[in-house]
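Have a look at the structure below, then the notes.
By convention here, the first residue in the shown sequence is residue 1. Remember, it's 1-based here, ligands and their atoms both numbered in the order they're listed.
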Amino acid sequence: MENQTTTLDAVVIGAGFSGLYMLYRLREAGLSVRVYDAADGVGGVWYWNRYPGARCDSESIYYNYTFSEELYKEWTWKSKYPEQPDILRYLNFVADKFDLRPDIQFKTRIKSAEFDETANRWQIRTDGDETISAKYFITGVGCISTANIPNIKGLNSFKGKWYHTGHWPHEKVDFSGKRVGIIGTGSSGVQAIPVIANEAAHLTVFQRTPQYSVPARNRPYTEEEILQAKANFSEMKRQVRASFGGTTAKIGDRPALEDSFEERQKVFGDAWDAGGHAILTCYNDLLASEEANETVSEFIRSKIHEIVEDPETANKLTPYYYYGTKRAIIDTDYYETFNRSNVSLVDVKKAPIEEITSKGIRTTDGEYELDVIVFATGYDGMTGSLFKMDILGRDGVSLKEKWENGAATRTYLGMTSAGFPNMFMITGPESPSVLGNMPITIEQHVEWITDCINYLREHEVDVIEAKPDAEAEWSKHCGELADTTLYTKVESWYTGANIEGKALGFQIYVGGYGPYHQKCAEIAKNGYEGFTLK
Ligand code: N01
């Protein structure tokens, strides 16, 4: 077939929360726009993450769009923490309500995007050999969407079935009567483990780093709560957009050590009983001071020893790093699951996995025979999905090359990068993104990008590009802020430490959603300060 070229004003990659709203806004602004997604449906990560127990850890009534009051009032969440099928239904509902599908091309992956300096347009290529010429190139690829399947010798020889939580089959995986092994105890593993344990003949958990987890205390919403949330829409919208993390949660007004031990136990105990992430924000310095952090870390450790009956298992499950510096986890019956007779825990830090054999997993301590292996081994976060494409800016320099494979990520506001004109990244590195409730920060990016494009069109500006000094300043500011926290002191997917050979760096703006949103608004108000407009 002959190579076709499509001409559009804008190309958006990804049909998740970011891409759907970007499409809605740009279409409303009168642009010709198309969204591309490799999946055959909308949903982004919620399309792919269908593993047992998959659920969001942001509260439902905040984990949605706030741009349309009508939409907010038409949709009703069932439970406090939304499960994956409900989120996927919600995003399908959004796509239908706003008739978005005609402008989405599914089952199409973007392979490359190259800026053509003579035409000031992006030449974008798909895996179907289609070429699109677009004025604006916008990525909505998600921060944690490129699966990390560790390079363990022998996977191909395994005779059983294996799955990654982020690429789960659409049909139910039947664990009944099976010997299942799961590698990984991050958010995905902690959610999947209790559910798989309920079904499997035996579940072996291969744990490298023990995790802190706090009960979610998920439950159905009452009718009263739903009515109240809907009635309170405008105030909720105002609060979440000005907040630190995209919800109405309050951050404690004092440092942890200002309270006595007994007072702290009461505060932490109440947060534990209430469930969710509140325990991390009881005090205002839990992520900034080692001593303060130790108080909450120790509280959770003591809970693990209360819950887990076998002392040796409890010891193996006891974490040692600063709580919250790896993404905080909430669960339903995680630690309780280790009291079951059909669950065993293998410490692969002590006895590392050597290989996957035809029969199962062999560690330095012995071989575990398995019918199914589940990889809950996470993602190449922040830059993984951007680097999967060949994005070439001015002078043919690739984004990956410019950012030295992640070692020197440079952005302006986490949305743009010098040398990549008319390109915008929704929730890119060095924006607040994953440190809170994603839909709220996504909406802010989408609205800022739309306003920016409207401004360019009104002022007949052909090209917008971050100035190198403005971006250097922003990256420095992000780094300095991060260094005031404990985040940079612990290895996690936030720092890239989970990916073999990946350069280490903490690429998230930690100053909070509200202050960040204000900064972006100021820059726009000052005629896009820090950008060259030509
Ligand atoms: O991935 P992770 P995830 N051998 O990277 C282990 C979001 N999310 O998919 O800690 C043995 O957190 C690794 O061990 P270690 C959320 O933002 C949200 O669970 O590196 N083990 C770790 O235990 C979350 O943070 C929700 O030592 C290996 C695990 O695999 C992010 O996605 C639900 C290994 C990976 O944990 C990622 O979560 C799910 C190896 N070679 C996800 N390689 C909710 O909203 C890795 N591990 C609730």
Evaluate [X] for polar contact with ligand 1, using N/O atom pairs at a separation under 3.5 Å.
X      : value
Asn498 : no
Gln211 : no
Arg208 : yes

Requested in this report: Answer whether the closest heavy-atom distance between the side chains of Trp493 and Arg327 falls below 4.5 Å.
Outcome: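 Counting from C-beta outward, Trp493 and Arg327 do come under 4.5 Å.
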
With atoms numbered from 1 as shown, which atoms in ligand 1 lie under 4.0 angstrom from a non-hydrogen atom of [X]?
X      : result
Lys326 : 10 (O), 15 (P)
Arg55  : 44 (C), 45 (O), 48 (C)
Thr185 : 22 (C), 23 (O), 29 (C)
Arg327 : 16 (C), 17 (O), 24 (C), 25 (O)
Tyr51  : 33 (C), 39 (C)

For [atom], closest protein heavy-atom neighbour:
atom                    : result
atom 11 (C) of ligand 1 : Ile183 CG2, 3.5 Å
atom 6 (C) of ligand 1  : Gly184 CA, 3.7 Å
atom 1 (O) of ligand 1  : Gly378 CA, 3.1 Å
atom 24 (C) of ligand 1 : Ser187 OG, 3.5 Å
atom 37 (C) of ligand 1 : Trp493 NE1, 3.7 Å
atom 35 (C) of ligand 1 : Ala376 O, 3.3 Å

Query raised in the report: If you draw a 6.0 Å radius around CD in Glu367, do more than 12 non-hydrogen atoms from other residues or ligands fall strictly inside?
Result: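 Atom CD in Glu367 is crowded, with more than 12 foreign heavy atoms closer than 6.0 Å.
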
Report task. Report, as yes or no, whether the 6.0 Å neighbourhood of atom NZ on Lys388 holds more than 12 heavy atoms from other residues, nucleotides or ligands. Result ->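 For Lys388, atom NZ is crowded (more than 12 foreign heavy atoms under 6.0 Å).
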
Query raised in the report: Out of Ala147, Pro319, Cys56, Gly186, whose heavy atom is nearest to atom 36 (O) of ligand 1?
Result: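 It is Gly186 whose heavy atom sits nearest to atom 36 (O) of ligand 1.
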
Report task. Let me know which of Lys489, Glu290, Glu294 forms a side-chain hydrogen bond (donor to acceptor under 3.5 Å, both in side chains) with Tyr322. Result ->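 Of the listed residues Lys489, Glu290, Glu294, the side-chain hydrogen bond (donor to acceptor under 3.5 Å, both in side chains) partner of Tyr322 is Glu290.
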
Query raised in the report: What is the distance from atom OG of Ser213 to atom CD1 of Ile300, rounded to the nearest 0.5 Å?
Result: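 The CD1 atom of Ile300 is 8.0 Å from OG of Ser213, to the nearest 0.5 Å.
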
Query raised in the report: Between Asp371 and Lys161, is there a salt bridge with N-O shorter than 4.0 Å?
Result: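 Result for this pair is no, no salt bridge flagged.
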
Query raised in the report: Between Glu225 and Arg219, is the closest basic N to carboxylate O distance under 4.0 Å?
Result: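 Yes, this pair counts.
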
**Report entry** Exercise: do Asp365 and Thr363 side chains pair donor with acceptor under 3.5 Å
**Finding:**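 Looking only at side-chain atoms, Thr363 and Asp365 do not form any donor-acceptor pair under 3.5 Å.
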
**Report entry** Proximity of Ile144 to ligand 1 by residue part, where a heavy atom lies under 4.0 Å
**Finding:**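 The part of Ile144 near ligand 1 is the side chain, not the backbone.
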
Query raised in the report: So which heavy atom on Asn218 is nearest to which on Tyr81, and how close?
Result: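 Heavy atoms of Asn218 and Tyr81 come nearest at OD1-N, 2.9 Å.
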
